[in-house]
Amino acid sequence: MNDILERLAIILEERKNADPKHSYVANLYQAGQDKILKKLGEEAIETILAAKSMERDAIIHETADLWFHSLVMLADYGLRPEQVLNELDRRFGLSGLEEKANRGKDNDDG
Ligand SMILES: N=c1c2ncn([C@@H]3O[C@H](COP(=O)(O)OP(=O)(O)OP(=O)(O)O)[C@@H](O)[C@H]3O)c2ncn1[C@@H]1O[C@H](COP(=O)(O)O)[C@@H](O)[C@H]1O
């Protein structure tokens with residue numbers, strides 16, 4: 001399995017001590033949480049627009065930007081991609097419909 005998410009996470013940690021003049025990621029950290037979240041929102045919108053355009057290369061490019069900025073957001077919060085992958089792994093095989101129905105039961109109980 002490709003380990004690019006983990007390799008990127010290591011770089012993103014290192015960039016916490018890098019010079020913003022020489023690093024896009026260090027620049028984002030310096031600009032702060034609101035800037036990181038703004039970029040994440042922009043990339044989400046650009047991904048949607050690419051999907052609407054139905055241009056496959058654009059969809060891949062914009063989704064990569066979205067995933068990358070999600071990793072920056074996670075790193076900013078001290079979280080690692082492995083934790084998200086573990087959550088997806090935990091959900092694997094559990095139907096979204098089933099999960100939603102169980103959520104309803106939990107609400108009825110409480
Ligand atoms: N994967 C990426 C990556 N994907 C996208 N980007 C940058 O994310 C930005 C996307 O912003 P936009 O497309 O909105 O373009 P923009 O107009 O330049 O952005 P703004 O001026 O609006 O902020 C661009 O500057 C891209 O270069 C990335 N920058 C870095 N990485 C990885 O992060 C590592 C560390 O990067 P540095 O910290 O710059 O060394 C690199 O070695 C790469 O592996």
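One-based numbering, in listed order, for ligands and for the atoms of each.
A salt bridge between R80 and E13 is absent, with no side-chain N of the basic residue lying under 4.0 Å from a carboxylate O of the acidic one.
Remark: minimum distance from atom 40 (O) of ligand 1 to any protein heavy atom is reached at R15 NH2, 2.9 Å. In terms of protein heavy atoms, atom 34 (C) of ligand 1 is closest to I11 CG2, 4.0 Å. Looking at atom 38 (O) of ligand 1, its nearest protein heavy atom turns out to be S23 OG, 2.5 Å. With respect to atom 5 (C) of ligand 1, the closest heavy atom belonging to the protein is D65 OD1, 3.4 Å. Looking at atom 25 (O) of ligand 1, its nearest protein heavy atom turns out to be Y24 CE1, 3.8 Å. The protein heavy atom nearest to atom 43 (C) of ligand 1 is L8 CD2, 4.3 Å. Considering only non-hydrogen protein atoms, atom 36 (O) of ligand 1 sits nearest to V25 CG2, 3.8 Å. Counting protein heavy atoms only, atom 17 (O) of ligand 1 is closest to K39 NZ, 4.9 Å.
Within the listing of ligand 1, atoms 8 (O), 10 (C) sit less than 4.0 angstrom from a heavy atom of H69. Near E43, with a cut-off below 4.0 Å to any heavy atom, the atoms of ligand 1 are 10 (C), 11 (O), 12 (P), 14 (O).
Residue contacts with ligand 1 for N27 are absent, since no atom lies close enough (heavy atoms, distance under 4.0 Å). For F68, every heavy-atom contact with ligand 1 shorter than 4.0 Å involves the side chain, none the backbone.
Residue contacts with ligand 1: E46 is placed with no nitrogen or oxygen under 3.5 Å of a nitrogen or oxygen of the ligand (distance criterion only).
Here the side chain of Y29 pairs no donor or acceptor atom with the backbone of N17 at under 3.5 angstrom. Side chain of S23 to backbone of A18: no donor-acceptor contact under 3.5 angstrom is found. Panel note: side chain K39, backbone V72; no donor-acceptor pair is recorded below 3.5 Å. D65 places no side-chain N or O within 3.5 Å of a backbone atom of E43 that could act as its donor or acceptor partner.
Nearest heavy-atom pair, Q83 versus L79, reported as atom, atom and distance to 0.1 Å: OE1-CA, 3.5 Å. Heavy atoms only, all atoms of each residue included: P81 and L71 are closest at CB-CD2, 3.7 Å.
Within 4.0 Å of atom 27 (O) of ligand 1, not a single protein heavy atom is present. Atom 1 (N) of ligand 1 is flagged as protein-proximal [any protein heavy atom, distance under 4.0 Å].
You'll find the side chain of L85 stays beyond 4.5 Å of the side chain of D89, heavy atoms only.
In this structure, Y24 has its ring center under 6.0 Å from that of H69.
For CG of D19, the number of neighbouring non-hydrogen atoms (other residues, nucleotides, ligands) closer than 6.0 Å is greater than 12.
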